[in-house]
Amino acid sequence: MSKQDMADEALFLLLHNEIISCVYKAGDQGDAENGKCITKLENMGFRVGQGLIERFTKDTARFKDELDIMKFVCKDFWTSVFKKQIDNLRTNHQYLALTCGLIRGGLSNLGIKSIVTAEVSVMPACKFQVMIQKL
């Protein structure tokens with residue numbers, strides 16, 4: 001990994017942490033308890049995911065099917081965003097809403113309406129479930 005890649009990753013992680021911190025500081029204690037902060041983070045992630053997918057797929061051929069889209073999201077998209085393979089992500093519960101939104105937004109821009117949930121059973125592993133909603 002080059003110094004530039006390391007700097008980019010560090011900046012992304014700092015921005016990621018700051019977004020979460022700002023959302024929780026801006027909301028009052030009731031917002032955090034009733035899920036408004038989580039919804040706001042998920043919506044932010046959704047929009048960012050949409051934009052990133054537009055950028056990452058501008059020079060790629062159309063995908064054949066949903067399986068090809070999921071392969072792209074799990075390999076190329078995830079690695080581009082987090083600089084890690086999807087199976088090695090280290091995170092905590094605060095990041096999950098934003099990351100679920102990121103995945104859902106990316107899939108949305110590729111024509112897949114979905115519900116994305118995350119579960120942390122044993123740290124540092126995180127399991128994301130994508131349920132594709134048929135139109």
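Values reported hereafter were calculated over all heavy atoms of this structure, with side chains retained and with hydrogens, waters and symmetry mates removed. Remember, predicted model here, so these are calculated numbers, not experimental data.
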task = Would you name the heavy atoms of Phe56 and Val81 that are closest together and state the gap between them?
result = CE1-CG2, 4.1 Å

key: Transitive ILVMFWY side-chain link Ile112 to Phe46, under 4.5 Å   = no

message = Given 3.5 Å as the limit, does a donor-acceptor pair link the side chain of Ser80 with the main chain of Asp76, or not?
response = yes

task = Tell me whether Val73 is reachable from Leu96 by hopping between hydrophobic residues (I, L, V, M, F, W, Y) whose side-chain heavy atoms are closer than 4.5 Å.
result = yes

task = Indicate, with yes or no, if Met44 and Leu15 share a hydrophobic cluster defined by side-chain heavy-atom contacts under 4.5 Å among Ile, Leu, Val, Met, Phe, Trp and Tyr.
result = yes

inquiry  = Tell me whether Ile69 shares a hydrophobic cluster with Ile132, the cluster being built from Ile, Leu, Val, Met, Phe, Trp, Tyr side chains joined at under 4.5 Å.
reply    = yes

remark   = CG of Leu41 to CG of Leu102, rounded to nearest 0.5 Å, is 12.0 Å

query = Between Phe72 and Phe63, is the ring centre distance below 6.0 Å?
reply = yes

task = If a pair satisfies side chain to side chain donor-acceptor pair (under 3.5 Å) and one of its residues is in residues 52-70, list it, with sequence neighbours excluded.
result = Glu54-Asn109, Glu66-Lys134

Minimal non-hydrogen separation, Ile103 against Val116, with atom names = CG2-CG2, 4.0 Å

request  = Kindly work out whether a path of hydrophobic side-chain contacts (I/L/V/M/F/W/Y, heavy atoms less than 4.5 Å apart) joins Met70 to Met131.
outcome  = no

ask   = What distance separates Cys100 SG from Ile38 CD1, expressed to the nearest 0.5 Å?
value = 10.0 Å

key: Note, Ile53 side chain near Phe77 side chain (heavy atom, < 4.5 Å)   = yes

task = Go through the steps for Ser108 and Gln50 under the test side chain to side chain contact (heavy atoms under 4.5 Å, CB included), then give the verdict.
result = CA-CA 7 Å; Ser108 172; Gln50 286 182 318; 3.7 Å; yes

query = Can you tell me how far the CD atom of Gln129 sits from the OG atom of Ser114, to the nearest 0.5 Å?
reply = 11.0 Å

key: Residue pair Arg104 / Val130, side-chain heavy-atom distance below 4.5 Å   = no

task = With rounding to the nearest 0.5 Å, note down the distance linking CG in Leu98 to CG in Asn43.
result = 10.5 Å

